[in-house]
Amino acid sequence: MPLVLITHTLPERWLAALDGHCRMLVGPADATRLAPELEAHLADADGLFTLLTIPVNQALLDRAPRLRVVSNMAVGVDNIDLAACTRRGVPVGNTPGVLTEGTADLTMAILLAAARRLLEANADARAGRWITWSPTGWLGADLNGANLGIIGMGKIGKAMAERARAFGMHILYSDPQPQPELEAHLQATHLPLDELLELSDFVSLHTPLTSLTHHLIGEPQLRHMKPTAILVNTSRGPVVHTEALVQALQKGWIAAAALDVTDPEPLPPNHPLYSLPNCLVVPHIGSATRDTRRAMAERACLNLLSGLRGERLPFCVNPEVYAQNI
Ligand code: DGY
């Protein structure tokens, strides 16, 4: 039976589809790199089941000559050197679709939390600073009638736009591909990035991390935003320049940020972003619902099994790998 390295311990039922089809070597639940006990078996591995925290690079591939499939339990694949996998003829799978709604829910949740200053209000209530009903206390921002700028109008961007429309927001978006049907459906307006930043009361990031989107939001972009604007990031940390964001929040270039993803990740406990009352940070939990995570694992198993059988992966991010093999 083929040998599969599973980089992290996961609930057994999530991996039930693999039973009887492969031998599995499983890493620790909290692995931050490929565990040494798995690394030792790279030379014999036919498949690799990874999470988004494990880099799959040329060095790893060089040590895994038998590898036939990499299955990432995530929609984002920025942890994987796709070009190197393609050169080696290794198809890479991801888990699109199943985390769209959950991630959009979390985006809305942290946007609302930042808009209504829930972090500060909760801290003040717990610390005894809730003296009376205060007409001027904890004043936040309205969603109704506000402009939401969505950067990256893929599946999650669209799901976020749907939610925002229900809150009475106007949708602006920036994406390499304008989408006229969507514009009619959501009354969304396609804009160049600069204009979107200038006009938005909230900016929500939904791009994949690529060489083009790395530090897409840095000092010039943050300075371009309204001083009352709120930045929301549930995409990937490095899409935002972290030091510039700290300055923007300290100096009032923007009003607040709500982050599900950071750079670095995890953000160390002494990081300046934690000391800012106008910055909400949660630990990359966009897809963290019971059903979503199970569905992601199931999709990752499907990709893995297809790869082991030599079949086309149902969710393949480097389909060019097949063209070169045929
Ligand atoms: C993904 O799948 O890329 C998400 O970031 C997981 O939450």
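One-based numbering, in listed order, for ligands and for the atoms of each.
Results of the side-chain hydrogen bond (donor to acceptor under 3.5 Å, both in side chains) test with His185 over Glu162, Gln179, Arg165 single out Glu162 as the only residue that passes.
Looking at Thr95 against ligand 1, nothing comes within 4.0 Å, counting heavy atoms. For Leu99, every heavy-atom contact with ligand 1 shorter than 4.0 Å involves the side chain, none the backbone.
Counting atoms of ligand 1 from 1 in the listed order, those under 4.0 Å from a heavy atom of Leu52 are 5 (O), 6 (C).
Regarding atom 2 (O) of ligand 1, its nearest protein heavy-atom neighbour is Val75 N, 2.7 Å. Nearest to atom 6 (C) of ligand 1 among the protein's heavy atoms is Ser287 OG, 3.4 Å. Counting only heavy atoms of the protein, atom 3 (O) of ligand 1 lies nearest to Arg236 NH2, 2.7 Å.
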Discussion item. Test side-chain contact (heavy atoms from CB on, under 4.5 Å) on Tyr322 and Leu313; report intermediate values, then the result.
Written reply: CA-CA 10 Å; Tyr322 296 112; Leu313 310 196; 3.5 Å; yes

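His284 counts as a contact of ligand 1, since one of its heavy atoms falls under 4.0 Å from the ligand.
Of the charged side-chain nitrogens involved, none lies within less than 4.0 Å of a carboxylate oxygen, so that Asp263 and Arg236 do not count as a salt-bridged pair. Using a 4.0 Å cut-off between charged nitrogen and carboxylate oxygen, Glu298 and Arg294 count as a salt-bridge pair.
Ligand 1 has an N or O atom lying under 3.5 Å from an N or O atom of Gly76, backbone or side chain.
A 4.5 Å side-chain heavy-atom check between Thr234 and His206 finds at least one atom pair inside the cut-off.
Within a 6.0 Å sphere centred on NZ of Lys226, heavy atoms belonging to other residues, nucleotides or ligands number more than 12.
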